[in-house]
*Asks:* 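For reference, the structure I am asking about is given below.
Side-chain atoms are counted along with the backbone in the values below, which use heavy atoms only and exclude waters and symmetry mates. In what follows, chains are A, B, ... by sequence order, proteins preceding strands, each numbered from 1.
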Amino acid sequence: MAELLFDRTVYVGVMVLLAIGLYGMLAKRNLVKKLVGMVIFQTAIYLFFIQGAAQMGATVPVIEEELGTAADTYVNPLPHLLILTALVVGVGVLGVALSFLLRIYRRHGTFDEDEIAAQLAAEPIEGHRVDDHGADHGADHDAADPEEPRS
Amino acid sequence: MIWPLELIIFLIMIPTALLALWLRDLLGTIAVLAAYSLFVALLFAGMAAPDVALVEVVIGAGVTGLLLVGAVLLTGRRDTSVEGGRSRWLPGLLVAGFLGLMLVGSVDLPDYADPEAPGHQRISPDYIEGSLEDTETPNVVTSVLADYRSFDTLGETLVIVTAGLACLVILLREAH
C-alpha cells in the first residue's frame, strides 16, 4: 500500500524540488543565490530522468554472468548516460555563469540585483566600454600596451 | 529500490534545498548545497544508478562547490539583499502555478519503477543485450557512453571546451 503511494510520491518530490529551484531563480535578489537555485533546478531534472530509468526487480546495469543478459534484469542504462552528460555540461554552465558574476562584481561591487539596477540607472550607458576605475589602472594599461596592438 | 529510504531522503532534501536558499552567509549556502548534492547522489545510488551517483558526488558536490567557494572568496561573502514588496509574492504565485501545472502533467506519467513503461521498450533492451557481444564491456552505461553513442560524448567534450574558452574570454577581457 505504502509502496503504491510512493509510485506517485516520487513525482511530487521531484516537482517540489523543481519549484524550489525556480523560486530561487525568480525571487532571490542575490545573484549567487540565483545560481544556487539553478543548481537545485538542474538536480531535480537529473532526478526525474534517473527515477524514470528505475524498474521493479531490476538491478544495476552491469552485466553479470549468473544473471544473463535479459533486458528486464537490468535498469534502463540510457537515462543514466544522458544524465552523465548533463551533469558535466551543468558544470560548464555554472563555470560560465560564475565568470560573468566575477565581472559583474568587479564592475559594481555587489551581487544585489536591485543595487546593480540602481547603479546602471544612475550612470548613462555609453556605446563603448565604461572604464570607471581607469585612473587606478592607468599604469597597468600602459604596461599592457606593448604586448598587443591597440584595440 | 528501497522505497522507505528514498522517501526519507526526499524528506531531508526538500528542507536542505530551502535552507540553501534561505541562509545569508553564502559560504554556508554552498556547504548546504554540497550536502544536498550528496543526498541526491544517495538517491541515485538507491535507484540503481551507481555511475551517476559517483559523478554527482565528484562533480555536483565537489567541483560545483569548489567553483562556488572560489567565486565567493574572491567577492563578497554576505547576502545583503533586501526582499519584500512585489518581489515576494509575485514569484511565489508564479512558482505555485508552475508546481500545479507540473503536478497535473505528472498524472499521465507511468508509475515509478514500472517495467512496462514506454521508455524501457525500444532501444534500451538492445543496448543491454548487445553490450557484451558488441563491445565486450559488462558495464552497459560505459559501452553506451563510449561506443554506441560516442558522438554524444564527443559533442559533450566540445561543449566543455566551448565553456572553458568562454570563461577565459569573459575573465581575461577585463584585465586590460
*Asks:* Return the minimal non-hydrogen interatomic distance between A:Lys34 and A:Leu26, and the atom names on each side.
*Replies:* NZ-O, 3.9 Å
*Asks:* Taking all heavy atoms of B:Asp51 and all of A:Leu84, pick out the closest pair and write down the distance.
*Replies:* O-CD2, 3.9 Å
*Asks:* Less than 4.5 Å to any heavy atom of chain A: does that hold for the side chain of B:Leu21, its backbone, both, or neither?
*Replies:* both
*Asks:* Just give me the residue among B:Val95, B:Thr75, B:Val52, B:Val72 that pairs up with chain A most often, heavy atom to heavy atom, under 4.5 Å.
*Replies:* B:Thr75
*Asks:* Between B:Met102 and A:Tyr11, is there a side-chain heavy-atom distance shorter than 4.5 Å?
*Replies:* no
*Asks:* Do the side chain of B:Thr153 and the main chain of B:Ala146 share a donor and acceptor less than 3.5 angstrom apart?
*Replies:* no
*Asks:* For B:Leu43, is it the side chain, the backbone, both, or neither that has a heavy atom closer than 4.5 Å to a heavy atom of chain A?
*Replies:* side chain
*Asks:* Tell me, out of B:Leu109, B:Thr29, B:Thr64, who's got the most heavy-atom pairs with chain A below 4.5 Å.
*Replies:* B:Leu109
*Asks:* When only pairs under 4.5 Å are counted, which of A:Leu82, A:Ile83, A:Thr73, A:Val39 shares the most heavy-atom pairs with chain B?
*Replies:* A:Val39
*Asks:* I'd like to know if the side chain of A:Arg8 and the backbone of B:Val107 have a donor-acceptor N/O pair within less than 3.5 Å.
*Replies:* yes
*Asks:* Which answer fits B:Ser106, side chain, backbone, both or neither, if we ask what part of it has an atom under 4.5 Å from a heavy atom of chain A?
*Replies:* both
*Asks:* Please answer whether the main-chain N or O of B:Asp126 pairs with a side-chain N or O of B:Glu129 as donor and acceptor at a distance below 3.5 Å.
*Replies:* no
*Asks:* Donor-acceptor pair, B:Ser124 side chain versus B:His120 backbone, under 3.5 Å?
*Replies:* no
*Asks:* Counting heavy-atom pairs under 4.5 Å with chain A, which one of B:Leu145, B:Thr142, B:Ile30 comes out on top?
*Replies:* B:Leu145
*Asks:* Quick check for you: among A:Leu47, A:Val32, A:Val89, which has the greatest number of heavy-atom pairs under 4.5 Å with chain B?
*Replies:* A:Leu47
*Asks:* Heavy atoms only, distances under 4.5 angstrom: which of B:Gly70, B:Ala166, B:Pro110 has the most pairs with chain A? Name it, please.
*Replies:* B:Pro110
*Asks:* Can you tell me if A:Arg29 uses its side chain to pair, donor with acceptor, with the backbone of A:Glu115 under 3.5 Å?
*Replies:* no
*Asks:* By a 4.5 Å heavy-atom criterion (distance strictly below it), what part of A:Thr59 contacts chain B: side chain, backbone, both, or neither?
*Replies:* backbone
*Asks:* Heavy-atom distance under 4.5 Å between the side chains of A:His80 and B:Val144, does that happen here?
*Replies:* no
*Asks:* For A:Leu18, is it the side chain, the backbone, both or neither that has a heavy atom under 4.5 Å from a heavy atom of chain B?
*Replies:* both
*Asks:* Can you tell which part of B:Val63 gets under 4.5 Å to a heavy atom of chain A, answering side chain, backbone, both or neither?
*Replies:* side chain
*Asks:* Below 4.5 Å from any heavy atom of chain A, which atoms of B:Ile160 appear? Answer side chain, backbone, both or neither.
*Replies:* side chain
*Asks:* Which bit of B:Val159 comes within less than 4.5 Å of chain A, counting heavy atoms only: side chain, backbone, both or neither?
*Replies:* side chain
*Asks:* By a 4.5 Å heavy-atom criterion (distance strictly below it), what part of B:Ile14 contacts chain A: side chain, backbone, both, or neither?
*Replies:* both
*Asks:* Among B:Asp152, B:Leu11, B:Ile59, single out the residue with the greatest number of heavy-atom pairs under 4.5 Å to chain A.
*Replies:* B:Ile59
*Asks:* Tell me, for A:Phe41 versus chain B, whether the close heavy atoms (under 4.5 Å) come from the side chain, the backbone, both or neither.
*Replies:* side chain
*Asks:* Quick check on the interface: out of A:Leu35, A:Ile40, A:Val96, who has the most heavy-atom pairs with chain B under 4.5 Å?
*Replies:* A:Ile40
*Asks:* Please check this pair: side chain of A:Tyr46 against backbone of A:Ala86, looking for a donor-acceptor N/O pair closer than 3.5 Å.
*Replies:* yes
*Asks:* Is it the side chain or the backbone of A:Tyr74 that comes within 4.5 Å of chain B heavy atoms, both, or neither?
*Replies:* both
*Asks:* Are B:Thr135 and B:Asp147 linked by a side-chain donor-acceptor pair shorter than 3.5 Å?
*Replies:* no
*Asks:* Do you know which of A:Pro61, A:Ala44, A:Gly13, A:Gly92 has the most heavy-atom pairs with chain B at a distance under 4.5 angstrom?
*Replies:* A:Pro61
*Asks:* For A:His108, does its backbone N or O pair with a side-chain atom of A:Gln119 as donor and acceptor, under 3.5 Å?
*Replies:* yes
*Asks:* If I measure from the heavy atoms of chain A, does B:Ala49 come under 4.5 Å with its side chain, its backbone, both, or neither?
*Replies:* both
*Asks:* Whether the B:Ser131 and B:Ser143 side chains hold a donor-acceptor pair (N or O, under 3.5 Å, no angle test) is what I'd like checked.
*Replies:* yes
*Asks:* Could you tell me which non-hydrogen atom of B:Leu99 sits nearest to which non-hydrogen atom of A:Ala19, and how far apart they are?
*Replies:* CD1-CB, 3.9 Å
*Asks:* Quick check on A:Val12 against chain B: is it the side chain, the backbone, both or neither that has a heavy atom closer than 4.5 Å?
*Replies:* both
*Asks:* Tell me, out of B:Leu94, B:Leu168, B:Leu23, who's got the most heavy-atom pairs with chain A below 4.5 Å.
*Replies:* B:Leu23
*Asks:* Under 4.5 Å heavy-atom distance to chain B, tell me which part of A:Leu17 shows up: side chain, backbone, both or neither.
*Replies:* side chain
